Amino acid sequence: QVQLVESGGGSVQTGGSLTLECAVSGRSFRQHAMGWFRQAPGREREFVAVIGRSGGRPYYAESVKGRFTFSRDIAKNTMYLQMSSLKPEDTAVYYCAVDPNVITSQISFPGSYDHWGQGTQVTVSS
(Lines give C-alpha, C1' and ligand atoms only; values in the text may rest on other atoms or scores of the structure.)
Protein backbone atom coordinates (compact mmCIF):
# COMPACT_ATOMS: atom_id res chain seq x y z
CA GLN A 1 0.00 0.00 0.00
CA VAL A 2 1.54 3.27 -1.12
CA GLN A 3 1.13 6.14 1.30
CA LEU A 4 2.07 9.77 0.81
CA VAL A 5 2.22 12.15 3.74
CA GLU A 6 2.67 15.88 3.18
CA SER A 7 3.86 18.43 5.66
CA GLY A 8 5.10 21.99 5.73
CA GLY A 9 2.04 23.99 4.81
CA GLY A 10 1.04 27.10 6.69
CA SER A 11 0.23 30.77 6.51
CA VAL A 12 2.65 33.40 5.28
CA GLN A 13 2.54 36.93 4.00
CA THR A 14 3.15 37.95 0.43
CA GLY A 15 6.79 37.48 -0.45
CA GLY A 16 7.31 34.79 2.15
CA SER A 17 8.62 31.27 1.74
CA LEU A 18 7.56 27.76 2.64
CA THR A 19 8.93 24.30 1.95
CA LEU A 20 6.56 21.38 1.52
CA GLU A 21 7.66 17.84 2.10
CA CYS A 22 6.08 14.61 0.89
CA ALA A 23 7.24 11.32 2.38
CA VAL A 24 6.35 8.23 0.35
CA SER A 25 6.13 4.79 1.94
CA GLY A 26 5.13 1.37 0.75
CA ARG A 27 7.36 1.30 -2.31
CA SER A 28 10.36 3.02 -3.75
CA PHE A 29 9.42 5.86 -6.03
CA ARG A 30 12.22 5.13 -8.46
CA GLN A 31 10.82 4.92 -11.96
CA HIS A 32 7.70 6.80 -10.89
CA ALA A 33 6.32 9.99 -12.27
CA MET A 34 5.74 12.36 -9.41
CA GLY A 35 4.69 15.85 -8.76
CA TRP A 36 3.03 18.61 -6.84
CA PHE A 37 -0.45 19.83 -7.61
CA ARG A 38 -2.71 22.39 -6.00
CA GLN A 39 -6.38 23.17 -5.74
CA ALA A 40 -7.84 26.50 -4.79
CA PRO A 41 -11.47 26.87 -3.68
CA GLY A 42 -13.84 26.63 -6.61
CA ARG A 43 -11.10 25.67 -9.03
CA GLU A 44 -9.88 22.45 -10.56
CA ARG A 45 -6.72 20.78 -9.37
CA GLU A 46 -3.75 21.99 -11.38
CA PHE A 47 -0.19 20.94 -11.76
CA VAL A 48 2.57 22.91 -10.11
CA ALA A 49 5.72 20.88 -10.77
CA VAL A 50 6.29 17.36 -12.05
CA ILE A 51 9.08 14.95 -12.89
CA GLY A 52 8.76 12.05 -15.31
CA ARG A 53 9.44 8.39 -14.59
CA SER A 54 13.01 8.56 -15.85
CA GLY A 55 13.82 11.57 -13.71
CA GLY A 56 15.48 14.52 -15.31
CA ARG A 57 14.53 18.13 -14.97
CA PRO A 58 11.23 19.12 -13.42
CA TYR A 59 8.52 20.79 -15.44
CA TYR A 60 6.93 23.83 -13.82
CA ALA A 61 3.68 25.62 -14.34
CA GLU A 62 4.28 29.07 -15.84
CA SER A 63 2.76 30.69 -12.79
CA VAL A 64 5.47 29.32 -10.47
CA LYS A 65 8.57 29.29 -12.66
CA GLY A 66 11.46 31.02 -11.01
CA ARG A 67 9.75 30.97 -7.61
CA PHE A 68 9.24 27.27 -6.83
CA THR A 69 11.81 24.48 -6.83
CA PHE A 70 10.90 20.79 -6.95
CA SER A 71 13.46 18.33 -5.66
CA ARG A 72 13.55 14.76 -4.41
CA ASP A 73 15.71 12.52 -2.29
CA ILE A 74 15.56 9.01 -3.73
CA ALA A 75 17.28 7.49 -0.70
CA LYS A 76 14.68 8.99 1.64
CA ASN A 77 11.75 8.43 -0.74
CA THR A 78 10.84 12.05 -0.14
CA MET A 79 10.05 14.94 -2.45
CA TYR A 80 10.11 18.63 -1.68
CA LEU A 81 8.62 21.84 -3.00
CA GLN A 82 10.49 24.98 -2.04
CA MET A 83 8.26 27.98 -2.53
CA SER A 84 9.49 31.55 -2.41
CA SER A 85 8.15 34.97 -3.34
CA LEU A 86 4.72 33.64 -2.50
CA LYS A 87 1.66 35.48 -3.77
CA PRO A 88 -1.96 35.45 -2.60
CA GLU A 89 -2.86 33.55 -5.77
CA ASP A 90 -0.65 30.68 -4.56
CA THR A 91 -3.18 30.04 -1.80
CA ALA A 92 -4.48 26.50 -2.20
CA VAL A 93 -4.35 22.99 -0.84
CA TYR A 94 -1.16 21.41 -2.16
CA TYR A 95 -1.01 17.72 -2.96
CA CYS A 96 1.83 15.41 -3.88
CA ALA A 97 1.28 12.45 -6.18
CA VAL A 98 3.22 9.51 -7.61
CA ASP A 99 2.47 6.86 -10.18
CA PRO A 100 4.60 4.28 -11.99
CA ASN A 101 2.54 4.26 -15.18
CA VAL A 102 2.31 7.88 -16.25
CA ILE A 103 3.85 8.56 -19.63
CA THR A 104 5.72 11.78 -20.22
CA SER A 105 2.99 13.44 -22.25
CA GLN A 106 0.53 12.95 -19.38
CA ILE A 107 2.62 13.91 -16.35
CA SER A 108 0.99 17.29 -15.83
CA PHE A 109 -2.55 15.90 -15.71
CA PRO A 110 -3.86 15.14 -12.21
CA GLY A 111 -6.07 12.36 -13.55
CA SER A 112 -2.95 10.42 -14.58
CA TYR A 113 -1.99 9.71 -10.96
CA ASP A 114 -3.39 7.00 -8.72
CA HIS A 115 -1.54 7.77 -5.50
CA TRP A 116 -2.07 11.02 -3.63
CA GLY A 117 -1.25 12.62 -0.34
CA GLN A 118 -3.90 14.08 1.93
CA GLY A 119 -3.05 17.67 1.04
CA THR A 120 -1.60 20.53 3.01
CA GLN A 121 -3.00 24.06 3.14
CA VAL A 122 -0.90 27.00 2.01
CA THR A 123 -2.35 30.43 2.68
CA VAL A 124 -0.67 33.61 1.49
CA SER A 125 -2.04 36.87 2.80
CA SER A 126 -1.54 40.29 1.25
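Everything numeric here is computed off the predicted structure, so don't read it as measured data. What's counted below: heavy atoms across the whole structure, side chains too, no hydrogens, waters or symmetry copies. Along the sequence shown, residues carry numbers from 1.
Residue Ile51 holds its CD1 atom at 11.0 Å from CZ of Arg57, rounded to the nearest 0.5 Å. Between the CG atom of Asp99 and the CG atom of Asp114 there is a distance of 4.5 Å, given to the nearest 0.5 Å. Taking OG1 from Thr120 and CG from Leu18, the interatomic distance works out to 8.5 Å, rounded to the nearest 0.5 Å. Here the OG atom belonging to Ser126 is positioned 13.5 Å from the NZ atom belonging to Lys87, to the nearest 0.5 angstrom. Between the CG atom of Asn77 and the CZ atom of Arg30 there is a distance of 8.5 Å, given to the nearest 0.5 Å.
Scanning both residues, Ala92 and Ala40, for their nearest heavy atoms gives CB-N, 3.8 Å. Shortest non-hydrogen contact noted between Gly55 and Arg72 is CA-NH2, 3.1 Å. Contact record, Ser108 with Pro110: O-CD, 3.5 Å, taken as the closest heavy-atom pair.
One hydrophobic cluster, built from ILVMFWY side chains closer than 4.5 Å, cannot hold both Val122 and Trp116; they sit in different ones. Side-chain heavy atoms closer than 4.5 Å link hydrophobic residues (I, L, V, M, F, W, Y) into clusters, and following such links, even through other members, never connects Val48 to Tyr95. In the hydrophobic cluster analysis, where Ile, Leu, Val, Met, Phe, Trp and Tyr join through side-chain heavy atoms closer than 4.5 angstrom, Ile74 is grouped apart from Val5. Note on Ile107: it does not cluster hydrophobically with Val98, by side-chain heavy-atom contacts below 4.5 Å among ILVMFWY residues. Both Trp36 and Val12 belong to a common hydrophobic cluster when Ile, Leu, Val, Met, Phe, Trp and Tyr are linked at side-chain heavy-atom distances under 4.5 angstrom.
By the 4.5 Å heavy-atom criterion applied to side chains, Met79 and Cys96 are counted as neighbours. In this structure the side chain of Phe70 reaches within 4.5 angstrom of the side chain of Met34, judged on heavy atoms. Residues Pro88 and Thr14 are in side-chain contact: their nearest non-hydrogen atoms beyond the backbone lie under 4.5 Å apart. Residues His115 and His32 have side chains not in contact (no heavy-atom distance under 4.5 Å, counting atoms from C-beta outward). Contact annotation: the side chain of Val50 never approaches that of Val102 to less than 4.5 Å [non-hydrogen atoms, C-beta and beyond]. Side-chain contact between Tyr80 and Thr69 is absent, with no heavy-atom pair separated by less than 4.5 Å. Contact check for Phe68 versus Leu86: side-chain heavy atoms found under the 4.5 Å cut-off. Side-chain contact between Tyr94 and Glu6 is absent, with no heavy-atom pair separated by less than 4.5 Å.
For CD of Gln121, the number of neighbouring non-hydrogen atoms (other residues, nucleotides, ligands) closer than 6.0 Å is greater than 12.
Taking Gln3 as the reference, nothing meets the side chain to side chain donor-acceptor pair (under 3.5 Å) condition, with sequence neighbours excluded.
Relative ring orientation between Phe37 and Tyr113 is described as perpendicular, the plane-to-plane angle rising above 60° on a 0-90° scale split at 30° and 60°.
Sorted by first and then second residue, the salt bridge (Lys or Arg N to Asp or Glu O under 4.0 Å) pairs involving residues 33-52 (not counting sequence neighbours) are Arg38-Glu46, Arg38-Asp90.
Side-chain atoms of Thr91 come within 3.5 Å of backbone atoms of Val124 as a donor-acceptor pair (strictly under, hydrogens ignored).
Under the 6.0 Å cut-off for aromatic ring centres, Phe47 and Tyr59 do not qualify, their centroids lying 6.0 Å or more apart.
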